[in-house]
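Computed from a predicted model, the values in this text were never measured in an experiment.
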Amino acid sequence: MPELGKGLAGKVADDLGHAIAGGRHTPGDVLRTDDLAESFGVSRTVVREAVQALQAKRLLRSSPRVGLTVRPVREWHLYDPDVIRWRLAGPERTTVLDELTELRGAVEPAAAAAAARQADRAKRTSLLESSARMRAAAAVGDRTSFLEADVDFHRLVLGMCGNPLFAQLAPVTEELLRGRAALKLLPTAPDPADADRHDAVAVAVASGDPERAEVAMRAVVAESLEDIHMRLEERRGSS
């Protein structure tokens, strides 16, 4: 998945990506390079470089007679971490959270079961260590360390299951977890019960029990979706 550059063109691409994913530019809208250069206060060269990044992510299509056209959402690289981040920042974030969690529910339990069947001892140990870091972070209320251990945990499961297609979904899960934190859709302090659910997955994988690993991971994903919806409902009720 192509990454955005760090310079001015990267910033323009990021801002324009947010604008498209946020609905300020809708599918079928035509964007002109000169207009974008004026709007962002940059050169046409910078705009062209930014546009190339968005074309690579399939948000924009370029044609000689029309110019730049915003593509339909179904054509975007929806697994791209930048695209996920932009969509999570937009008005359809609830739908995006549901879509991503549904994807996790379809993939991660199967990945956990496969990991329990075939992962080597070193990888099983790494997963246990990751869940132990989650427990330790929850015990002292360290949200940052808990999130990093959580990201590492799911990356390990997807990477150790033996399916390279599953492994390439690790950035999707990571962006969802980090997106929840950025959107303040996580508990104010790490939940020890969440650490326990992850620990159940790690223990099942380490003991080579695929059925228990699958059930435990399904509980992790289901609780995540339930918690997201609860917090969104609370936010709507207080607004």
K.L.:
Between CD1 of Ile84 and CG of Leu176, what distance do you get to the nearest 0.5 Å?
P.N.:
8.0 Å

K.L.:
Take Leu165 and Leu169 through the side chain to side chain contact (heavy atoms under 4.5 Å, CB included) test and state the conclusion after the steps.
P.N.:
CA-CA 7 Å; Leu165 296 176; Leu169 290 175; over 6 Å; no

K.L.:
Nearest 0.5 angstrom please: Leu185 CG to Met230 CE, how far?
P.N.:
10.0 Å

K.L.:
Using the rule given for side chain to side chain contact (heavy atoms under 4.5 Å, CB included), can you reason through Val203 versus Arg212, listing the C-alpha separation, both sets of side-chain angles and the distance that settles it, and then say yes or no?
P.N.:
CA-CA 9 Å; Val203 170; Arg212 191 153 55 97; 4.2 Å; yes

K.L.:
Could you report the tightest heavy-atom contact between Lys184 and Arg235, atom names first, then the distance?
P.N.:
O-NH2, 3.0 Å

K.L.:
Can you give me the closest heavy-atom contact between Ala21 and Arg87, atom names plus distance?
P.N.:
CB-N, 3.9 Å

K.L.:
A side-chain contact here means heavy atoms from C-beta on lying under 4.5 Å apart; do Leu78 and Val73 qualify?
P.N.:
yes

K.L.:
Is there a path of hydrophobic side-chain contacts, each under 4.5 Å between heavy atoms of I, L, V, M, F, W or Y residues, that connects Val215 with Leu225?
P.N.:
no

K.L.:
Distance check, rounded to the nearest 0.5 Å: Asp29 atom CG versus Ile20 atom CD1?
P.N.:
9.0 Å

K.L.:
Would you please test His77 and Asp82 for side chain to side chain donor-acceptor pair (under 3.5 Å) and show each step?
P.N.:
CA-CA 9 Å; His77 280 318; Asp82 289 319; over 6 Å; no

K.L.:
Salt-bridged, Arg133 to Glu129, with N to O below 4.0 Å?
P.N.:
no

K.L.:
Can you name the nearest heavy-atom pair linking Asp150 to His198, along with the distance?
P.N.:
OD1-NE2, 3.0 Å

K.L.:
Where do Pro190 and Arg143 come nearest, in terms of heavy atoms and distance?
P.N.:
CD-CG, 3.5 Å

K.L.:
Asp98 and Ile228: side chain to side chain contact (heavy atoms under 4.5 Å, CB included), yes or no, with the steps?
P.N.:
CA-CA 9 Å; Asp98 283 347; Ile228 288 170; 5.7 Å; no

K.L.:
Is there a side-chain contact between Val51 and Thr33 in this structure, where contact means two heavy atoms from C-beta onward sitting under 4.5 Å apart?
P.N.:
no

K.L.:
Calculate, to the nearest 0.5 Å, the distance between atoms CZ and CG belonging to Phe166 and Leu158 respectively.
P.N.:
8.5 Å

K.L.:
Measure the spacing between CZ of Arg58 and CH2 of Trp76 and express it to the nearest 0.5 Å.
P.N.:
12.5 Å

K.L.:
Should Arg178 and Glu148 count as an ion pair when the cut-off is N to O under 4.0 Å?
P.N.:
yes

K.L.:
If you look at every heavy atom in Glu108 and Thr173, which pair is closest and at what distance?
P.N.:
OE2-OG1, 3.4 Å

K.L.:
Would you check, one step at a time, whether the test side chain to side chain donor-acceptor pair (under 3.5 Å) holds for Ser224 with Asp227?
P.N.:
CA-CA 5 Å; Ser224 173; Asp227 189 69; over 6 Å; no

K.L.:
Please, which pairs that meet ring-ring contact (aromatic ring centres under 6.0 Å, His included) have at least one residue in residues 29-58, sequence neighbours excluded?
P.N.:
none

K.L.:
If you measure from the Lys or Arg side-chain nitrogens to the Asp or Glu carboxylate oxygens, is any gap between Arg85 and Asp14 under 4.0 Å?
P.N.:
yes

K.L.:
I would like to know whether Arg104 and Leu177 meet side chain to side chain contact (heavy atoms under 4.5 Å, CB included); could you show each step before the answer?
P.N.:
CA-CA 11 Å; Arg104 288 184 65 196; Leu177 293 171; 4.2 Å; yes

K.L.:
Of all residues at least two apart in sequence or in a different chain, which pass the side-chain contact (heavy atoms from CB on, under 4.5 Å) check with Ala112?
P.N.:
Val157, Val201, Ala213, Met217

K.L.:
Is it the case that one hydrophobic cluster holds both Val205 and Val107, taking links as side-chain heavy atoms less than 4.5 Å apart, direct or via other members?
P.N.:
no

K.L.:
Side chain of Ser131, backbone of Leu128: donor and acceptor closer than 3.5 Å?
P.N.:
yes

K.L.:
Would you find more than 12 non-hydrogen atoms of other residues, nucleotides or ligands less than 6.0 Å from Glu38 atom CD?
P.N.:
no

K.L.:
Tell me whether Leu59 is reachable from Leu36 by hopping between hydrophobic residues (I, L, V, M, F, W, Y) whose side-chain heavy atoms are closer than 4.5 Å.
P.N.:
yes

K.L.:
So does Gln118 have more than 12 non-hydrogen atoms from other groups sitting under 6.0 Å from CD?
P.N.:
yes

K.L.:
Report yes or no: does Arg124 contribute a side-chain atom to a donor-acceptor pair with the main-chain N or O of Ala116 at less than 3.5 Å?
P.N.:
yes

K.L.:
Is there a continuous path of hydrophobic side-chain contacts, each under 4.5 Å between heavy atoms, that joins Val172 to Val221?
P.N.:
no

K.L.:
Find the distance between CG (Asp191) and CE (Met134) and round it off to the nearest 0.5 Å.
P.N.:
9.5 Å

K.L.:
Write down the atom of Ala138, the atom of Ala195, and the distance for their closest heavy-atom approach.
P.N.:
CB-CB, 4.4 Å

K.L.:
Tell me whether Leu8 is reachable from Leu16 by hopping between hydrophobic residues (I, L, V, M, F, W, Y) whose side-chain heavy atoms are closer than 4.5 Å.
P.N.:
yes

K.L.:
Checking the side chain of Thr125 only, and the main-chain atoms of Arg121 only, is there a donor and an acceptor separated by less than 3.5 Å?
P.N.:
yes

